[in-house]
Every structure is written in structure tokens, then in C-alpha cells.
There are 2 protein chains.
Amino acid sequence: MSGQAQEKSAQESAQRVYAVMRRLVLEADDRKQRVAEALGMSFSRAKALRLLAEGPLRMRELTSRLMTDKPYTTLVVDDLEGRGFVVRSLDPDDRRCKVVTLTEAGREAAARATGILTTPPAELAALPPEDLADLDRILGKLH
Amino acid sequence: MSGQAQEKSAQESAQRVYAVMRRLVLEADDRKQRVAEALGMSFSRAKALRLLAEGPLRMRELTSRLMTDKPYTTLVVDDLEGRGFVVRSLDPDDRRCKVVTLTEAGREAAARATGILTTPPAELAALPPEDLADLDRILGKLH
DNA sequence: GCTTATCGTTGTAGTGCTATAACTGTTACA
DNA sequence: TGTAACAGTTATAGCACTACAACGATAAGC
């Protein structure tokens, strides 16, 4: 096979591979809904919880990480605070800022969401262990 | 390695693999937006166009494939028809039904959307050809 | 032929998110 | 010290999508 033909076939492979990945992950459209149902809140709230599970954030940081705007962040945090999943506290270093921190209940909810979102589809998990090891090795190269 | 340990490690692999897939595909959140911008319409319209690119559908079928309800399908098709991307015609076999068919312009728009959505991320396409061939072979087993 | 069901349409209401402006309290800087 | 900038909140309006009820036209079944 010529170099060009090899390159072409590699790009076709990439396209097929990406199509399968899309199918596997977009079955996750359904998962967003499952998370929303499991936690009794819209998915964007769950997303905020999962972000905060990595550590407390100022409102401003949360806004930027959620790719939203300040007023909506206020709304989301109001809601999460009302449910007892987060607390707001003043940042001692800058009294303009408020720091949002997960409560224990919030941490549990975030973990539940993460569990639902990160569990691989049965189809994928059912591949032979050698195949999974190969996928793991190859995709591990990406960062 | 014992059978149990092997099984455990396989499931851990699956989880890591799925996490990478999620990251690659959900970079596609951005792609939905890019499609919407490129076509100047909301993503759900583009989804309808892509469905119709496989062949004409009755309103009822479109509703079911888009997982939406009848009134919204009417709205979407009204919009697409107004843009000259689809035409409605009476189904000769059942005069209650209307068949929605892509126009040439609609076909082009659908192709543009598909191009944006199915192009593999550069990161993935840049893997060595052997790796892409392996991924292709393994993921090809899934259906 | 009459009833029942289906297809598409219209209308209305509600949800979740986005966008913008205005305001308060706090900080930074000239 | 006075001015500008920033963090967060409130209020308002709009968009995309969902959900439900009702209607006319057509088809199917008894």
C-alpha cells in the first residue's frame, strides 16, 4: 500500500471510529435525562455539583466553568443551596467574592451523577478483555 | 493474573476508555453549536434535515424519529419549508398523511451539517495509522 | 353508514436557559 | 481621596423546546 493510500485508509478508519464513539456517547443524551431524573433537578444543576466536587469555587469561577452568565449562576446556586447541596460563604481574601462549597449531601448527589454518567455502556464493557486493554492502551495516548 | 482480577482490570479499562470517548465526543457540544451557526438554525432543525437526507418521511415518522411531539414537528417543518429546505406533499396512499422531502438546497445543508458532525477530532485523526486500524477493528465489532 | 381512530394543524401554557441592564458592596489605583 | 473596576444580585425580556387539549380531514372496522 502506498503512503498516500495508507493515509487515506487511516482517515477513513478515524471517521468510522469516531462514528462508533458518537453513537456510544450520545446514547448518553439519555443519560443526561437519567441524571436529571435521579437527582430531581435539571442537568445544568448536576453539572455544577460535579464541578464543585473537585473543590470549592467562587461564583465567578463557576460562571466561567459552566460557560454561562452571572445571573444564571446565582439562580443555580440559589436552587442548590435551597436543596442543601451547597453553602455560600464570604471569601475572606476578597469580601466581594462568595465561595460555593458542597455539603455532604451535595457530595453524595454529585457522586450519584458521576456514577450514572461514567458507567460505560454494557455493549462496550462486554468486549473481550484483550480488546478493552488495547483500547485503553491506544486511547490513553490522547491527552 | 486471576480470572477475577482480569475481569476487574477489564472493567477499569472500559471505564477509562469510555471517559476518553466522552471527552472526544462532548467536545462535540461545541459542534452542535457550530452546526447551528453554520446553517443559521437551531440544532433540532439540522437534526431533522439529516434524518430526511436518508429519505422522505411522513410527519408522524419524523415526530417519532426526532423523539418530539406532533405540534413541534409541524413547527420545525414549517420553518424548514419557509427556508426552502423541504417540501410537504400529500401521501397518495393515505391522504391524511403528508410526506416531507428534502429539496436540493436542503440536501446541501444536511451534508454540511453531517460534515461538521462526523469529522473526527484532530487529536484522534493524528494517531498512528496502526492504532487507528486497531481501534477500527475492535470498535467495528460493536453493533 | 356510523363510529372510532389516526394525521396533521392550531392554540396555549410552562420550563429551562440566555442576554442585558441596573444596582449594591467591595477593592484597586491614580 | 476620589474614580474606576469587579463580584454578586435582582429584574426583565426573549428563545427553544415540551406538553396538553381541541379541531378538521381522512381512513378503518363493525
Side-chain angles (χ1 to χ4, degrees), chain A residues 26 29-52 56-83 85-101 113, chain B residues 29-30 32-52 56-83 85-101 113:
Chain A
L26 293 187
D29 259 19
D30 176 63
R31 297 206 183 199
K32 288 189 187 180
Q33 206 175 335
R34 270 171 54 204
V35 167
E37 282 168 14
L39 304 196
M41 59 177 68
S42 74
F43 185 71
S44 71
R45 265 78 161 167
K47 216 158 117 187
L49 284 182
R50 268 162 50 78
L51 259 176
L52 291 168
L57 291 173
R58 290 174 195 77
M59 293 293 285
R60 191 189 179 312
E61 296 165 329
L62 198 50
T63 297
S64 136
R65 296 289 298 275
L66 292 176
M67 303 232 290
T68 180
D69 50 15
K70 296 188 289 181
Y72 193 59
T73 304
T74 295
L75 195 71
V76 167
V77 173
D78 279 352
D79 180 55
L80 292 177
E81 198 172 26
R83 296 169 188 263
F85 287 161
V86 304
V87 290
R88 261 187 264 233
S89 54
L90 275 176
D91 181 348
D93 297 341
D94 184 342
R95 295 161 48 82
R96 288 174 300 183
C97 299
K98 293 187 183 165
V99 179
V100 186
T101 310
Chain B
D29 258 19
D30 177 63
K32 289 189 186 180
Q33 205 175 336
R34 271 172 53 202
V35 167
E37 281 168 15
L39 304 195
M41 59 176 70
S42 74
F43 185 70
S44 70
R45 267 77 161 167
K47 215 158 118 188
L49 284 181
R50 268 162 48 79
L51 259 175
L52 290 167
L57 290 173
R58 292 175 194 75
M59 294 292 287
R60 186 180 185 321
E61 296 165 330
L62 199 51
T63 296
S64 137
R65 295 289 297 277
L66 291 176
M67 304 232 289
T68 178
D69 52 10
K70 297 187 290 180
Y72 192 60
T73 305
T74 295
L75 195 73
V76 167
V77 173
D78 279 352
D79 181 57
L80 293 177
E81 198 173 26
R83 297 169 186 262
F85 287 160
V86 305
V87 290
R88 262 188 265 234
S89 54
L90 275 176
D91 182 347
D93 296 341
D94 184 343
R95 295 160 50 81
R96 286 175 302 184
C97 298
K98 293 188 183 163
V99 179
V100 186
T101 310

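Letters A, B, ... mirror the listed sequences (proteins, then strands); counts begin at 1.
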Would you please test B:V77 and B:R88 for side-chain contact (heavy atoms from CB on, under 4.5 Å) and show each step?
CA-CA 8 Å; B:V77 173; B:R88 262 188 265 234; 3.6 Å; yes
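A:D79 has its CG atom 11 Å from the C1' atom of C:dG16, to the nearest Å. If you take NZ of B:K98 and C1' of C:dG8, they are 6 Å apart, rounded to a whole angstrom.
For the pair A:T74/A:P71, no side-chain contact is recorded, criterion being any heavy-atom separation below 4.5 Å from C-beta on. Two residues are said to be in side-chain contact when any heavy atoms from C-beta on lie closer than 4.5 Å; A:L62 and A:T73 meet this criterion. Proximity of A:R45 to A:F85: side-chain heavy atoms (C-beta onward) are nowhere separated by under 4.5 Å. Between A:M41 and A:L49 the shortest side-chain heavy-atom distance falls below 4.5 Å.
Bending across the helix from C:dG1-D:dC30 to C:dA30-D:dT1, expressed as the angle between its end axes from five pairs apiece, amounts to 10° (10° rounding).
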For nucleotides 17-30 of chain C, 5' to 3', base contacts (B), sugar-phosphate-only contacts (S) and non-contacts (-) with protein non-hydrogen atoms under 4.0 Å give SBBBB---BBS---
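Scored by the side chain to side chain contact (heavy atoms under 4.5 Å, CB included) test, B:T101 finds B:P56, B:V87, B:V99 as partners (sequence neighbours excluded). For B:R83, the salt bridge (Lys or Arg N to Asp or Glu O under 4.0 Å) partners are B:D79, not counting sequence neighbours.
Applying the salt bridge (charged side-chain N to carboxylate O under 4.0 Å, His left out) test to every pair with at least one member in residues 59-70 of chain A, sequence neighbours left out, gives these pairs: A:E54-A:R65, A:R58-A:E61.
Of all nucleotides in DNA chain D, those with any atom nearer than 4.0 Å to a heavy atom of chain B start and finish, going 5' to 3', at D:dC17 to D:dA27.
The only member of A:V76, A:V100, A:V86 that meets side chain to side chain contact (heavy atoms under 4.5 Å, CB included) when paired with A:E81 is A:V86.
Checking the phosphate oxygens (OP1, OP2) of C:dT9, a side-chain nitrogen or oxygen of B:R88 falls inside 4.0 Å.
If you take CZ on B:R96 and CE on B:M59, they are separated by 15.0 Å, rounding to the nearest 0.5 Å.
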